[in-house]
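Below, chains carry the letters A, B, ... as their sequence lines are ordered, and counting in each starts from 1.
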Amino acid sequence: MPPSRAELTFAGPAQGGCLDAIHDLMDRLWRADQGVTDTDRTMFTTAVLEVANNIVTHNRASSDVSISLALTADPTLLRAEFCDNGSPAAVDLETIALPGAFAESGRGLALARMTLDELSYERADCMNRWRLTRHRSAHRGPPHD
Amino acid sequence: MITFDTTVANGAATVIEATGRLDMVAAPKLKALIQSAVTKGETPVVIDLSGVTFMDSTGLAALISGLRVTRQAGSDLRIAGATSQVLSVLQMTGIDRIIQPYANIDEALHAA
């Protein structure tokens, strides 16, 4: 059974090393949520790490960017919220799509969008905020087209 | 974290065994290992993914880059033993149609 509610947080520099910390945080989430299905775990973990990659890559030239992540698992939803103080992200999530088969970049956010029910980005108060939501498999509607 | 163990099989093919997370930190290392095998002429290159617990889009891009450099050298890149998360990423992105996943190293080595 999923927990009534589990919340975990991380904060640190937006550099490559934070990815291991985020993986560790995801592992802690799944240990606290023994009822999660393999599909939900795989899809949500993939989405969270793809957005984290995007933030780290986007801010690679800056050493003073901080990132925070809040993970929430409740009986029906899996949620993640990233905040960072890096430069604005020039993305249009409505039009993002997989590139050609032999492209060697450009799949990260498309993959995140495919594995989530909701992915949003906003810039406010000099902060970037990404919100990720996946409905658990038992609470999903019919498949999207 | 990831480790790579490289061996030359049958006197020619290179087998790269990856263990851990194939992510943006690991991807440049894998690309360099594939390029090294191609430079030495030790091809085809087979990537053993049975120990990869997680692969992201940058890890996937390293495989596509490897496919490109091996084909440019007249050879091929093959993958074997993909775990469920890796297979999901390959299938969602359609890359399983250009890099066929083999069940194990033996199958990949003996593929035509």
Highest number of heavy-atom pairs under 4.5 Å with chain B among A/Val56, A/Thr39, A/Asp20 belongs to A/Asp20
Contacting moiety of A/Thr115, where chain B heavy atoms sit under 4.5 Å = side chain
Would B/Val86 end up clustered with A/Leu19 when hydrophobic side chains under 4.5 Å apart are linked, directly or stepwise?
-> no
What distance separates A/Leu49 CG from B/Asp56 CG, expressed to the nearest 0.5 Å?
-> 7.0 Å
Highest number of heavy-atom pairs under 4.5 Å with chain A: which of B/Ile64, B/Asp23, B/Val25, B/Leu63?
-> B/Ile64
Joint cluster assignment, A/Phe10 & A/Leu132, ILVMFWY side-chain distance < 4.5 Å = yes
Contacting region of B/Met1 [heavy-atom separation from chain A under 4.5 Å] | both
Measure B/Arg97 against the heavy atoms of chain A and call it side chain, backbone, both or neither at under 4.5 Å.
-> neither
Got a sec: does the CG of A/Asp125 have more than 12 other heavy atoms crowding it under 6.0 Å?
-> no
Spell out the residues in residues 98-110 of chain A that have some non-hydrogen atom less than 4.5 Å away from a non-hydrogen atom of chain B, in order of number; otherwise answer 'none'.
-> A/Leu98, A/Ala101, A/Phe102, A/Ala103, A/Glu104, A/Arg107, A/Gly108
More than 12 non-hydrogen atoms from neighbouring residues, nucleotides or ligands closer than 6.0 Å to CZ on A/Arg79, yes or no?
-> no
Indicate if A/Leu8 and A/Phe44 have the same hydrophobic cluster label, given that clusters are the connected sets of ILVMFWY residues with side-chain heavy-atom separations under 4.5 angstrom.
-> yes
Transitively linked via ILVMFWY side-chain contacts under 4.5 Å: B/Met24 with B/Ile2?
-> no
Specify the closest pair of heavy atoms between A/Met114 and B/Met92, including all atoms of both residues, with the distance to one decimal.
-> CE-O, 3.0 Å
Check each atom of B/Ser88 against the heavy atoms of chain A and say whether the ones under 4.5 Å are side chain, backbone, both or neither.
-> side chain
hydrophobic_cluster_shared for A/Ile55 and A/Ile22, side chain cutoff 4.5 Å = yes
For A/Thr46 and B/Gln85, does a side-chain donor sit closer than 3.5 Å to a side-chain acceptor?
-> yes
Can you tell me how far CZ of B/Phe54 sits from OG1 of A/Thr45, rounded to the nearest 0.5 angstrom?
-> 7.0 Å
Counting only heavy atoms not in A/Arg28, do more than 12 fall under 6.0 Å of its CZ?
-> no
